[in-house]
Amino acid sequence: MGDLQRSHTCGELRKGDVGKSVVLMGWVHRRRNLGGLLFIDLRDRYGLTQIVFRPDADEAIFERGGHLGAEFVVGVTGEVVERPAGTTNPELPTGEIDVHVSDLKVLNASLTPPFVLEEPIKASDELRLEYRYLDLRRPHMQRLIEARHKAAAATRTYLNGAGFLEIETPMLAKKTPEGARDFIVPSRMHPGKVYALPQSPQLYKQILMVAGCDRYYQIARCLRDEDLRADRQPEHTQIDTEMSFVTEDEIFEVAEGLMVEIWRAVRGDEIETPFPRLTYGEAMERYGSDKPDTRFGTEIVDLTDLLGGTDFNVFRSVIESGGAVKCLNAAGCGGWSRSEIDKKEELAKKWGAKGLAWTKVDGGALAGGIGKFFSDDERAAVIERAAAADGDLLLFVAHDRKKASRILGKLRLVLRDELDLVQPGVFNFVWITEFPLFAWNEESEGWEAEHHMFSMPRAQDLDLLESDPGKVLGQLYDLVVNGFEIASGSIRIHRRDIQERVMAVVGMSKEDAERKFGFLLKALDYGAPPHGGLAHGGLAPGLDRIVMLLMDEDSIRDTIAFPKTYRGLSLMDGSPSEAEPAVLKELGIELVKPPDDDVPGQSSG
RNA sequence: GGGGUCGUAGUUCAGUUUGGUUAGAACGCCGGCCUGUCACGCCGGAGGUCGCGAGUUCGAGUCUCGUCGGCCCCGCCA
């Protein structure tokens, strides 16, 4: 750049700067060549400034300006000039001034970009990912990157202030025995053995508590070799915390304070604390989900006790066999056509319902569908319980308790989207507490940990561990926003005896436990303090998802600077790529290739 | 592992239902004109292995099968 030094950014100059001599550097965004006058929007991370080339000022500079292409990088020297009356641009913060160019330096030329950098972007995801450095130049992407930075910075400031230590845990770790598939790293020095990239710092952070670190956090990368989704990447970032000598209430308080700081830093919003709490049981009953969207009502109501003696055989037989009849009031949907209702039934069946019964509320009576099967008393009771009014549509599912709730819970979200039941920019936080510790896995016909096997059972449920694992509730909790789980945590088990009993429930032998978690159990033996914590992660990609919610994005992909595609490819650098035979030989491993010689990602398409 | 959807100028798409002359549009790009534009405008031009492969057919962008890739869902994700 020689002696040229940037004096201002492209988002900075205002009317008050008129008369200053400035040096701007940036990319050629748009060009408007009027023949005898040339306008260029110069762009950098901070904004756009219109620079003007005039032949009467310097014929040679004017001529060179005319040859600038899109995305050329230039440095210009010039004078800040107030725009003539009627030519200001109110859309732009810098729209009241121009910079009249007196000197031009091309810092680098650019090929014509493969797509136009515009908002909203029209290029395909594929192309955007291949040319990620161009896509990231767009203001929208710059805002996302900045938002993520602000969230991370607020996290550090807040947790530092609360006495937490930021501690890094290994990226080369021990293979995780359960859960998601690991990414494996072979060891050159120990042929035949592998490290695993960590799925989370869980075990290390517990050991840090044993080590007396008391309060730990890490903005931690977590890696899982599982299939992707719009909100799932093979590597994601979680805000990982752990505290010694804490109660659930203290953990909630810290997490709530953190959310306040993040929302304030990124959106400037003030969110209210403490967050309401719902037990898992309540959430399932009322919303049919353990991550309820509490921005709108339309709660599920249980009619089982009202309809035990109903003439409607379908309901009565389900109730007699121990099932439940539940109902969702689709308020104002009484005008729905039969085919609209049929579509909802199709959905319900896809989710496992036998059918979707319905009736409409009309003049205080139940009209259509199964309305005619109800007695007068039943009708009145149902209308009251469902808080139904004229013009409403009642939807019923009869099934076992949990399934009926889950199906209506999903239907509830369909109603939300179709009926526009939520306002943008509203954030409803809710704690879900008292999760069951174990879930029955139909396939393996065994108990498995609902969250992970290091969560402490409630004290009053300890005796049920062996006799009735399904009834054991854990000191386990999730933080949910607008139907998204953004954090999950627990009080951990800090005693070997309880840890071994929990492992036994999920069918892990003592030997197995010793081999896989021996190092943790050993650590527990040496004065492990009671501790617990929270990962703004869990199943959900934590920081990525928080930024997605904060910025109203549909996918976490653009909250990450360099994401993978749906099939786990990096289109920009072409990873994963083939390993050289010499490298593999040194590692003592051999890769088995697919039968045909096709190399994924190498087609000419 | 299963399912859905898309793939056509540099880009975004139309054309595929019903196979048939030279595959269109917009933006971008190139050239010309233009001294207050800001999605500048006007005139002209170049630009295509219809993802790839095989098949059916006199003839395939269009139909069939396979394959690669993007997006989305189920499974999976302690």
Side-chain angles (χ1 to χ4, degrees), chain A residues 29-41 48-57 62 69-71 81 83-92 94-95 98 100 111-131 134 176-182 199-200 202-203 222-234 236 350-352 437-439 441 443 448-455 476 485 488 490 502-503 506 508 516-517 535 537-541 554-555 557 564-567 569 571 594 596 598-605:
Chain A
H29 183 64
R30 285 242 155 71
R31 294 155 291 161
R32 293 175 292 279
N33 193 338
L34 274 59
L37 193 58
L38 168 64
F39 298 98
I40 287 180
D41 292 330
L48 292 176
T49 298
Q50 176 165 277
I51 61 176
V52 186
F53 293 77
R54 311 167 65 99
D56 47 8
F62 176 77
E71 298 308 312
V81 177
R83 292 198 188 180
T87 67
T88 58
N89 184 348
E91 307 280 311
L92 240 47
T94 61
D98 289 325
H100 284 199
L111 295 175
T112 301
F115 55 87
V116 183
L117 275 63
E118 60 193 332
E119 309 284 2
I121 189 70
K122 293 200 186 78
S124 67
D125 292 323
E126 196 174 354
L127 204 61
R128 289 176 53 208
L129 287 172
E130 183 180 349
Y131 295 92
L134 294 180
T176 322
E178 312 255 305
R181 296 181 183 92
D182 285 314
Q199 295 182 25
S200 89
Q202 179 65 34
L203 299 183
C222 301
L223 299 108
R224 286 162 196 178
D225 188 10
E226 293 292 347
D227 286 2
L228 276 44
R229 288 288 186 280
D231 58 0
R232 236 193 270 163
Q233 284 272 311
H236 72 268
K350 206 175 92 187
W351 298 324
L437 209 53
F438 305 104
N441 185 323
E443 250 176 66
E448 56 187 30
E450 178 85 21
H451 178 190
H452 58 51
M453 64 174 87
F454 311 110
S455 297
L476 241 179
E485 178 206 317
S488 97
S490 64
V502 167
M503 286 174 168
V506 299
M508 185 176 283
K516 292 169 175 167
F517 296 114
L539 271 185
D554 293 328
S555 158
R557 203 166 293 128
K564 303 284 191 286
T565 68
Y566 206 81
R567 300 202 51 244
L569 301 176
L571 297 179
D596 45 13
D598 284 350
V599 180
Q602 298 291 311
S603 83
S604 53

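This structure is a prediction, so every number in the text was calculated from the model and none was measured. Heavy atoms only: backbone and side chains are in, while hydrogens, waters and symmetry mates are out.
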Just to be sure I understand the rule, does [X] reach a base, reach only the sugar-phosphate, or reach nothing, if contact means heavy atoms closer than 4.0 Å?
{"X": "Arg229(A)", "result": "base"}
{"X": "Asp56(A)", "result": "nothing"}
{"X": "Arg128(A)", "result": "nothing"}
{"X": "Glu118(A)", "result": "nothing"}
{"X": "Thr87(A)", "result": "base"}
{"X": "Thr49(A)", "result": "nothing"}
{"X": "Pro114(A)", "result": "sugar-phosphate"}
{"X": "Leu127(A)", "result": "sugar-phosphate"}
{"X": "Asn89(A)", "result": "base"}
{"X": "Asn33(A)", "result": "base"}

For [N] versus [M], give the span between their [atom1] atoms, rounded off to a whole number of Å.
{"N": "C71(B)", "M": "U12(B)", "atom1": "P", "answer": "14 Å"}
{"N": "C6(B)", "M": "U62(B)", "atom1": "C1'", "answer": "16 Å"}
{"N": "U11(B)", "M": "G48(B)", "atom1": "P", "answer": "12 Å"}
{"N": "G20(B)", "M": "U64(B)", "atom1": "P", "answer": "15 Å"}
{"N": "A54(B)", "M": "U49(B)", "atom1": "C1'", "answer": "16 Å"}
{"N": "G51(B)", "M": "G45(B)", "atom1": "C1'", "answer": "29 Å"}
{"N": "A46(B)", "M": "G4(B)", "atom1": "C1'", "answer": "40 Å"}
{"N": "C13(B)", "M": "C72(B)", "atom1": "P", "answer": "15 Å"}

For the pair made of [atom1] in [X] and [atom2] in [N], what is the distance, rounded to whole Å?
{"X": "Asp227(A)", "N": "C74(B)", "atom1": "CG", "atom2": "P", "value": "12 Å"}
{"X": "Leu228(A)", "N": "G69(B)", "atom1": "CG", "atom2": "P", "value": "14 Å"}
{"X": "Gln202(A)", "N": "C77(B)", "atom1": "CD", "atom2": "P", "value": "17 Å"}
{"X": "Glu126(A)", "N": "U11(B)", "atom1": "CD", "atom2": "P", "value": "10 Å"}
{"X": "Leu34(A)", "N": "G32(B)", "atom1": "CG", "atom2": "P", "value": "16 Å"}
{"X": "Ile51(A)", "N": "U37(B)", "atom1": "CD1", "atom2": "C1'", "value": "14 Å"}
{"X": "Glu71(A)", "N": "U11(B)", "atom1": "CD", "atom2": "C1'", "value": "14 Å"}
{"X": "Asn441(A)", "N": "C76(B)", "atom1": "CG", "atom2": "C1'", "value": "12 Å"}

Should [X] be listed as having a side-chain N or O under 4.0 Å from OP1 or OP2 of [N]?
{"X": "Thr565(A)", "N": "G69(B)", "answer": "no"}
{"X": "Arg32(A)", "N": "C40(B)", "answer": "yes"}
{"X": "Tyr566(A)", "N": "G69(B)", "answer": "no"}
{"X": "Arg181(A)", "N": "C76(B)", "answer": "no"}

**Request:** May I ask you to decide whether Arg32(A) forms a salt bridge with Asp41(A), counting only side-chain N to carboxylate O separations under 4.0 Å?
**Result:**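 Asp41(A) and Arg32(A): salt-bridged.
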Which nucleotide wins on minimum distance to the side chain of [X], given the candidates [options]?
{"X": "Arg567(A)", "options": "G70(B), G36(B), U12(B)", "result": "G70(B)"}
{"X": "Pro55(A)", "options": "G28(B), U35(B), G70(B)", "result": "U35(B)"}
{"X": "Val116(A)", "options": "C73(B), C27(B), G1(B)", "result": "C27(B)"}
{"X": "Leu569(A)", "options": "C77(B), C72(B), G70(B)", "result": "G70(B)"}
{"X": "Arg83(A)", "options": "C40(B), G36(B), G28(B)", "result": "G36(B)"}

**Message:** Is there, by distance only and without an angle test, a donor paired with an acceptor across the side chain of Arg232(A) and the base of C77(B) below 3.5 Å?
**Reply:**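 A donor-acceptor contact between them is present.
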**Prompt:** Does Arg31(A) make a side-chain donor-acceptor contact with the base of C40(B), cut-off 3.5 Å?
**Reply:**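 Answer no: no donor N or O sits under 3.5 Å from an acceptor.
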**Message:** Let me confirm one number: the CG-CD1 distance from Asn33(A) to Ile40(A), rounded to the nearest 0.5 Å.
**Reply:**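 Interatomic distance, Asn33(A) CG to Ile40(A) CD1, rounded to 0.5 Å: 8.5 Å.
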**Message:** The test is side-chain contact (heavy atoms from CB on, under 4.5 Å); show your working for Asn89(A) and Arg83(A) and say whether it passes.
**Reply:** CA-CA 9 Å; Asn89(A) 184 348; Arg83(A) 292 198 188 180; 3.6 Å; yes
**Message:** Apply side-chain contact (heavy atoms from CB on, under 4.5 Å) to residues Tyr566(A) and Arg229(A) and explain how you reach the verdict.
**Reply:** CA-CA 7 Å; Tyr566(A) 206 81; Arg229(A) 288 288 186 280; 3.7 Å; yes
**Asked** Using centres under 5.5 Å plus planes under 30 degrees as the test, is Phe39(A) stacked with U37(B)?
**Response**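 Stacking is present between U37(B) and Phe39(A), given that their ring centres fall under 5.5 Å apart and the planes under 30°.
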**Message:** I need the minimum non-hydrogen distance between Val502(A) and Met453(A), along with the two atoms involved.
**Reply:**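 Closest heavy-atom pair between Val502(A) and Met453(A): CG1-O, 3.6 Å.
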**Prompt:** Thr94(A) and Leu48(A): which non-hydrogen atoms are nearest, and at how many Å?
**Reply:**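 The pair with the smallest heavy-atom distance is OG1-O, 2.5 Å.
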**Request:** Tell me which of Lys122(A) and His452(A) sits closer to the 5' end of RNA chain B, going by the nucleotide each one is nearest to.
**Result:**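 It is Lys122(A) whose nearest nucleotide is closer to the 5' end.
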**Message:** Which is more 5' along RNA chain B, the nucleotide nearest Phe454(A) or the one nearest Ser555(A)? Just name the residue.
**Reply:**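 Nearest nucleotide further toward 5': that of Ser555(A).
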**Message:** Could you go through His29(A) and Gln50(A), starting from their C-alpha distance and side-chain angles, then the distance that decides it, and tell me whether this counts as side-chain contact (heavy atoms from CB on, under 4.5 Å)?
**Reply:** CA-CA 10 Å; His29(A) 183 64; Gln50(A) 176 165 277; over 6 Å; no
**side-chain contact (heavy atoms from CB on, under 4.5 Å) assessment of His236(A) paired with Asp231(A)** = CA-CA 10 Å; His236(A) 72 268; Asp231(A) 58 0; over 6 Å; no
